[in-house]
Amino acid sequence: MTRMDERYNFRESERKWQTCWTETAAFSAEEGSDKPKCYVLEMFPYPSGRIHMGHVRNYTLGDVIARFRRAQGFNVLHPMGWDAFGLPAENAAIQNGVHPAKWTRENIQTMKAQFQSLGLSIDWSREVATCEPDYYRHEQKMFLDFLKAGLAYRKTSMVNWDPIEHTVLANEQVIDGCGWRSGAPVERRELAQWFLKITEYADDLLSALDGLEDWPERVRIMQHNWIGRSEGARVWFDLVGRDDKLEVFTTRPDTLFGAAFCAISMNHPLAKTLAEKDPALRNFISACNAAGTSEAAIETAEKMGYPTPLKVRHPFDPTWGLPVYIANFVLMDYGTGAIFGCPAHDQRDMDFARKYGLPVKAVVAPANADVAAFSTQLEAGAEAFTGDGVAIHSDFMNGQGVAQAKRTAIARLESRGRGRGTVQFRLRDWGVSRQRYWGCPIPVIHCPHCGAVPVPDADLPVTLPEDVTFDLPGNPLERHPTWKHVDCPRCGKPALRETDTFDTFFESSWYFARFCDPKNTEAAFDRAAVDYWLPADQYIGGIEHAVLHLLYSRFFTRALKTCGYLGLSEPFKGLFTQGMVCHETYRASSGAWLCPAGVEKRADGAIEIAGGAPVTLGRSEKMSKSKKNTVDPSHIIETYGADAARLFMLSDSPPDRDLEWTDAGIDGAWRYIQRLWRLAAQPSVPFAEFADLAGVALAGSAKETVAMTHRTIAAVTEDLSKLRFNTAVAKLRELSNQLAAVKAGDEGAATAYRFGLDALVRLIAPMTPHIAEEIWHALGNAAPLVASDWPKADPAWLVVDTVTLAVQVNGKLRGTLDVPLGAEAKAVESLAMALPAVQTHLAGRTPKKVIVVPNKIVNIVG
RNA sequence: GCCCGCUUGAUGGAAUUGGUAGACAUAACGGACUUAAAAUCCGUAGCUCGGUAACGGGCGUGCCGGUUCGACUCCGGCAGCGGGCACCA
């Protein structure tokens, strides 16, 4: 073998192998391969500037899987791209005067180089950036197809409007009722927006969650709650003295006989009509709007009602009239924007009734309750009864349980033409319009004569103009001198382009499909390519996308299926949500956050390195710029190497839990890398040329090493398949410890050592690929390790011939017993009874019972 | 308020899913090597009581209770921490 240096030079080695992998295109996905496929995908990054530790963790996890599967003989697709549209690019443009395109492309270059320095097994030939027209042109086409299929539509709705920035804000960008950047109180405004009809698939998106067995339960529950299916009824109340009806949604049609009032949203069409002629009502509405939309404001906001002159007739008794209120707690965008109130069986309705002096009538009582006494108590109190029970004071429903009464009420409503059973979802259609420059233009032209006209296919893509300015607030596309002025494709008269762009979640809803065929200019992707590669076998990313991105992608895949783009509904077969990377926080006495690099920890506390002022240690939190508790990955890679950084990411915590970044941890990983090198460069035993065990007699530590090597191969293979990287690392360290303990004098030591070392290097390669290649090469292998197969455990070596049994007396461990595998219970029992410790603890008693679990344990009950 | 997690040595965590709790690390301590330090190597270590010692006893997986020959693991109740949703009719 080649001579090995005493110390491992990671800088030289990492650069060398990265170049080798690139030059040999070692990670290209094969076209037309007959190997089984494996699509490994991490959520693609937003090119914000530089990579952070969260990226390192995310892409390391995916890379281990990709390398492991490749070694196992899969045709692996492991691509990378850039979620390149978004607000930060525009903010940079406003603050620093740099064009969003330039800023984004430069960030991509920087981050790509950083990812490459991590040694990720990415097929870079498939790289895509969503801000390029050759990407977004396809989603413009998709949108037009959605439009044709009735899956996209335009609607006027209430939005969060920032009066300083002149733009709509997403709900996530409204903090305590104010714009996240301007700080100005957000206004509710009505605006015409484009929507995607995600509700069309609500039932399927919900029921298909059960089939996503390789998704975390947590994510499925979150999506389940987000979709929020509830069964109930729409009920039509006739308006007294008018021809129209008030439509109400309820989940409790069984309590209709307890109705005391109806309430409608202040945005309900009826309320608007009334407000036109009623200044007091207008005051009421603006007072409610001013109350704010933050959670805290909602929490404390009083339930307020405004009595209208309207009255409605009860659906089961036309002589029974109910008042109609306009109430601040009724939402226009859930159900029908109108409710009926049953104070006795809904706490909020009860509060409302008490405040406005409305009647309370009990219509459900617990089974076996004294109906008269229960009713009297309930109707006098302030607490609603929402539990299960039977209908009372409810005419034809009396005596029925809640579930049965609901069915009876719905049947009656339907037969009388006063309502129908229905399913209501909490999920709302996805508003995709953004008054932003740095996004994909919505391919529509507004014509004063023809309305909203789709841009003809031949005119796609609609590209963003580059000559825009950011010196004024608002959308630069809106004030661009020429861009929006076009002729109507239908009538040819002057018309205006849509100046809104798509929400950035649009791009990320289909990029996984583009990776299957990224260079296609004719179509978004070739059908055969997505049929082969999709679904992604393993998708990895942060839990923060549990609902938004992951739900949008599931919807998009269904919509694309409806439009004939592909043939499947679920894009991600397996999902893994990794934990955050955390770090201790530090604060100066002034309260200012301090960087870890500027703080020195001592036995008696921490101080600022510059100046020596005392520092307050805070709890460990997710690394963030605002708390300054970040560690720069590039600095770590330069100091310790990519392999050490990768190993630390994998070794300390299970991947789904938060990882605490510590200096000691990265030091430990670095030391292990060096130790691994010494196992090859300065072995305790001069090892053999080949790891060929045929005909080699083994004894003592040599035999144990071979046995442990086989056990480790089996265990690590199992651990990696189940993403248990931390325990895989622990087992590899145990094998390292075993190699260091091989005794030169034991028979077969040289071969056993070489055998163990070979396996160790191959098993650790997915985690620390550079040093693995370096050792592999130094051991005399001509072909690179990335082209080598995954080791296989010999089942014969996994069978043990003796086992150590625990011997308990009354459930307490009193000794152990080495017996042959499968030893007979009777024999084991007498051996156990013969143990001195057992006799001591029995203290002369005769055992009542002896439990022998073969190959595991003996418990003597005395 | 509703839903979901989590709680094991000084620390991160392991435990073949009901069968020897604390693997593997980190920090610590003791020793070897060294003029010294770093690096490296060897060793100790859950807590506690008894003993000079070898060793032996008791207690121990957030708390209380249950099932079982046997519980970190299953069941019931409680607490603490974290997360998601929230005027959803």
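None of the values given here were measured: they were computed from a predicted structure. Order of the sequence lines fixes the chain letters, A, B, ..., with proteins taken first and strands second; residue numbering starts at 1 for each chain.
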Which part of the nucleic acid, if any, lies within reach of A:Thr727 when heavy atoms closer than 4.0 Å are counted: base, sugar-phosphate only, or nothing?
sugar-phosphate

Who is the Watson-Crick or G-U wobble partner of B:rG76, with both distances under 3.5 Å?
B:rC64

Which atom pair, heavy atoms only, marks the closest approach of A:Asn629 to A:Ser624?
OD1-N, 2.9 Å

Establish, with yes or no, whether the OP1 or OP2 oxygen of B:rU20 is under 4.0 angstrom from a side-chain nitrogen or oxygen of A:Arg814.
no

Checking the side chain of A:Arg234 only, and the main-chain atoms of A:Val248 only, is there a donor and an acceptor separated by less than 3.5 Å?
no

Choosing from B:rC85, B:rC69, B:rA89, which nucleotide comes nearest the side chain of A:Trp226?
B:rC85

For the side chain of A:Arg428, starting at C-beta, report the closest nucleotide among B:rC24, B:rC69, B:rC88.
B:rC88

Verify the contact: side-chain N or O of A:Arg657 to OP1 or OP2 of B:rA14, cut-off strictly under 4.0 Å; return yes or no.
yes

A:Phe648 meets the ring-ring contact (aromatic ring centres under 6.0 Å, His included) criterion, sequence neighbours left out, with A:Trp661

Conformer about C1'-N of B:rU17 - syn within 90° of 0, anti elsewhere
syn

Which is true for A:Asn737 with a 4.0 Å heavy-atom rule: it touches a base, it touches only sugar-phosphate, or it touches nothing?
sugar-phosphate

Picking from B:rC3, B:rC88, B:rG13, the nucleotide nearest the side-chain atoms of A:Asn225 would be B:rC3

Give A:Thr804 one of three labels, base, sugar-phosphate or nothing, depending on what nucleic acid heavy atoms sit under 4.0 Å from its own.
base

Would you mind pulling out the nucleotide paired to B:rC47, Watson-Crick or G-U wobble, both distances under 3.5 Å?
B:rG58

Does A:Phe316 have A:Arg418 sitting over its ring (NZ/CZ under 6.0 Å from centre, angle to axis within 45°)?
no

Is it true that A:Arg252 and A:Asp346 have a side-chain N and a carboxylate O under 4.0 angstrom from each other?
no

Hey, does A:Ile221 reach any base, or is it just sugar-phosphate, or nothing, if we go heavy atoms under 4.0 Å?
sugar-phosphate

Who pairs with B:rC2 - Watson-Crick or G-U, where each distance is under 3.5 Å
B:rG84

NA contact type, A:Lys731, heavy-atom cut-off 4.0 Å: base, sugar-phosphate, or nothing?
nothing

Given B:rG12, B:rC69, B:rU40, the nucleotide with the shortest approach to the side chain of A:Arg678:
B:rU40

Looking at A:Asp658 and A:Lys622, is there a salt bridge between them, counting it only when a charged N and a carboxylate O are closer than 4.0 Å?
no

Assign A:Val861 to base, sugar-phosphate, or nothing according to its heavy-atom contacts below 4.0 angstrom with the strands shown.
sugar-phosphate

Categorize A:Val330 for me: base, sugar-phosphate, or nothing, with a 4.0 angstrom heavy-atom threshold over every strand shown.
base

Nearest to the side chain of A:Ile851, heavy atoms from C-beta on, is which of B:rA21, B:rA23, B:rC69?
B:rC69

May I ask you to say what A:Arg733 touches in the nucleic acid, namely base, sugar-phosphate or nothing, with a heavy-atom cut-off under 4.0 Å?
sugar-phosphate

Side chain of A:Arg348 - closest among B:rA27, B:rC88, B:rC69:
B:rC88

Which one, B:rC88, B:rU20, B:rA89, comes nearest to the side chain of A:Arg426?
B:rC88

Would B:rG51 be called syn or anti here, given the cut-off of 90° from 0?
anti

